[in-house]
Amino acid sequence: MYDDLSLDTLSSLGDVYHPEVIFTDPVGSYQGLDHLDAYFRKLLNGNTDNTFSIEQLRFRENDGFVTWRMDFTTPRLNRGRRIVVDGASAISVENDLIRSQRDYYDLGSMVYEHIPVLRNIVRGIRTRMAL
């Protein structure tokens, strides 16, 4: 499903996620397949070329950790040019479906640095913190 994530592929969410999934990322937390579907639909509206590549996958019994790279294009950010974000997910599985997922990624590099008004503010904060 994530190989070519789009509004069209969201129909397969139920093949991957548990009906009572708890999905959390830097934007918010969503419980249940319907809420996750609505969240993804909002995110993907107008986006093109959304892909995820799995870098590492570590599982022990029903819990695991995945590192990934998200690659997407949206006319709302970065003047419609490609954005690449690295992230990781902590995943719990029940009955071969993802029961909970917590995504970790830099929201600044995904969103804020691509909004002209915020770009310089975020970069300034990063520069000050790096000293």
Side-chain angles (χ1 to χ4, degrees):
M1 181 189 88
Y2 279 100
D3 286 342
D4 187 26
L5 188 61
S6 69
L7 290 172
D8 295 333
T9 61
L10 289 181
S11 61
S12 63
L13 274 182
D15 297 337
V16 176
Y17 289 98
H18 190 281
E20 297 172 16
V21 63
I22 298 172
F23 181 94
T24 305
D25 71 1
V27 176
S29 187
Y30 309 90
Q31 187 166 357
L33 203 52
D34 291 340
H35 288 124
L36 181 59
D37 181 79
Y39 172 58
F40 279 176
R41 287 187 185 284
K42 186 174 182 179
L43 282 178
L44 293 171
N45 189 30
N47 288 16
T48 57
D49 301 322
N50 303 293
T51 59
F52 282 80
S53 59
I54 302 298
E55 306 294 320
Q56 290 185 358
L57 178 64
R58 304 264 194 241
F59 260 86
R60 184 179 303 152
E61 297 181 23
N62 293 325
D63 296 308
F65 192 77
V66 178
T67 60
W68 44 263
R69 174 167 282 179
M70 176 174 49
D71 195 324
F72 70 99
T73 305
T74 178
R76 298 176 295 219
L77 297 171
N78 201 27
R79 297 183 181 136
R81 294 188 306 253
R82 182 161 307 287
I83 297 171
V84 178
V85 177
D86 291 316
S89 301
I91 296 173
S92 177
V93 176
E94 181 180 306
N95 298 324
D96 295 327
L97 296 172
I98 297 174
R99 181 67 165 92
S100 67
Q101 178 174 334
R102 182 171 184 115
D103 286 355
Y104 300 92
Y105 57 85
D106 182 355
L107 190 60
S109 67
M110 180 180 176
V111 177
Y112 305 138
E113 290 181 12
H114 304 289
I115 299 173
V117 173
L118 298 177
R119 179 181 301 123
N120 292 334
I121 294 170
V122 171
R123 288 181 181 165
I125 291 170
R126 287 180 193 239
T127 300
R128 286 187 197 134
M129 291 184 72
L131 296 176

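Heads up: numbering here begins at 1 and tracks the sequence.
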Throw together a table of side-chain donor-acceptor distances under 3.5 angstrom for residues 57-66, partners on residues two or more places apart or in other chains.
| residue | atom | partner | partner atom | Å |
| --- | --- | --- | --- | --- |
| Asp63 | OD1 | Ser92 | OG | 3.3 |

Fill in: The single option from Asp37, Leu44, Asn45, Leu43 passing side chain to side chain contact (heavy atoms under 4.5 Å, CB included) against Arg41
Asp37
Worksheet, complete the sentence: Distance col, row Gln31:CD vs Glu20:CD, nearest 0.5 angstrom, shows 7.5 Å
Discussion item. For a 4.5 angstrom cut-off between non-hydrogen side-chain atoms, does Asp86 reach Thr67?
Written reply: no
Fill in: Shared hydrophobic cluster, Val84 / Leu5 (ILVMFWY, side-chain heavy atoms < 4.5 Å)
no
Practice prompt. Provide the closest heavy-atom pair for Gly46 versus Pro75 in the form atom of the first, atom of the second, distance.
Written response: O-CD, 3.1 Å
Item to complete: Quick one: closest heavy-atom pair of Ser89 and Gln101, and the distance?
Response: OG-NE2, 3.6 Å
Worksheet item: Take atom OH in Tyr112; do more than 12 heavy atoms of anything else shown fall under 6.0 Å from it?
Response: no
Worksheet entry | Within 6.0 Å of CG in Asp15, more than 12 heavy atoms from elsewhere | yes
Practice prompt. State, with a plain yes or no, whether a side-chain heavy atom of Ile83 is found less than 4.5 Å away from one of Met70.
Written response: no
Worksheet item: Among the clusters formed by ILVMFWY side chains lying less than 4.5 Å apart, do Met129 and Ile121 turn up in the same one?
Response: yes
Discussion item. Before you tell me yes or no, could you show the steps for Tyr17 and Tyr30 under ring pair (Phe, Tyr, Trp, His ring centres under 6.0 Å), namely the whole-Å CA-CA distance, both residues' side-chain angles and the distance that decides it to 0.1 Å?
Written reply: CA-CA 12 Å; Tyr17 289 98; Tyr30 309 90; over 10 Å; no
Worksheet, complete the sentence: Tightest non-hydrogen contact, residues Val21 and Leu33, listed as CG1-N, 4.0 Å
Practice prompt. Can you measure from CE (Met110) to CZ (Phe72) and round to the nearest 0.5 angstrom?
Written response: 4.5 Å
Worksheet, complete the sentence: So CG of Asn120 and CD of Glu113: to nearest 0.5 Å the spacing works out to 10.5 Å
Worksheet item: Do Tyr2 and Tyr104 belong together in a cluster built from hydrophobic side chains that touch within less than 4.5 Å?
Response: no
Worksheet item: So if you build clusters from Ile, Leu, Val, Met, Phe, Trp, Tyr with side-chain heavy-atom gaps below 4.5 Å, do Tyr39 and Leu107 land together?
Response: yes
Practice prompt. For atom NE2 of His114, decide whether the heavy atoms of other residues, nucleotides or ligands shown that lie under 6.0 angstrom number more than 12.
Written response: yes
Discussion item. Is it the case that the side chain of Asn95 and the backbone of Leu97 share a donor-acceptor pair, with hydrogens and angles ignored and the cut-off at 3.5 Å?
Written reply: no
Worksheet item: Does a donor on one side chain and an acceptor on the other come within less than 3.5 Å for Glu55 and Ser53?
Response: yes
Worksheet item: Which heavy atom in Thr73 sits nearest to a heavy atom in Gly80, and how many Å separate them?
Response: CG2-O, 2.9 Å
Worksheet item: Any side-chain heavy atom of Asp103 within less than 4.5 Å of one from Trp68?
Response: yes
Practice prompt. Quick one: closest heavy-atom pair of Gly87 and Tyr105, and the distance?
Written response: CA-CB, 4.1 Å
Worksheet item: Under a single-linkage definition using a 4.5 Å side-chain heavy-atom cutoff for Ile, Leu, Val, Met, Phe, Trp and Tyr, are Leu36 and Leu7 assigned to the same hydrophobic cluster?
Response: yes
Worksheet entry | Asp71 and Asp49, any side-chain heavy atoms less than 4.5 Å apart | no
Item to complete: Measure across Val85 and Asp106 and return the closest heavy-atom pair with its distance rounded to 0.1 Å.
Response: CG1-O, 4.4 Å
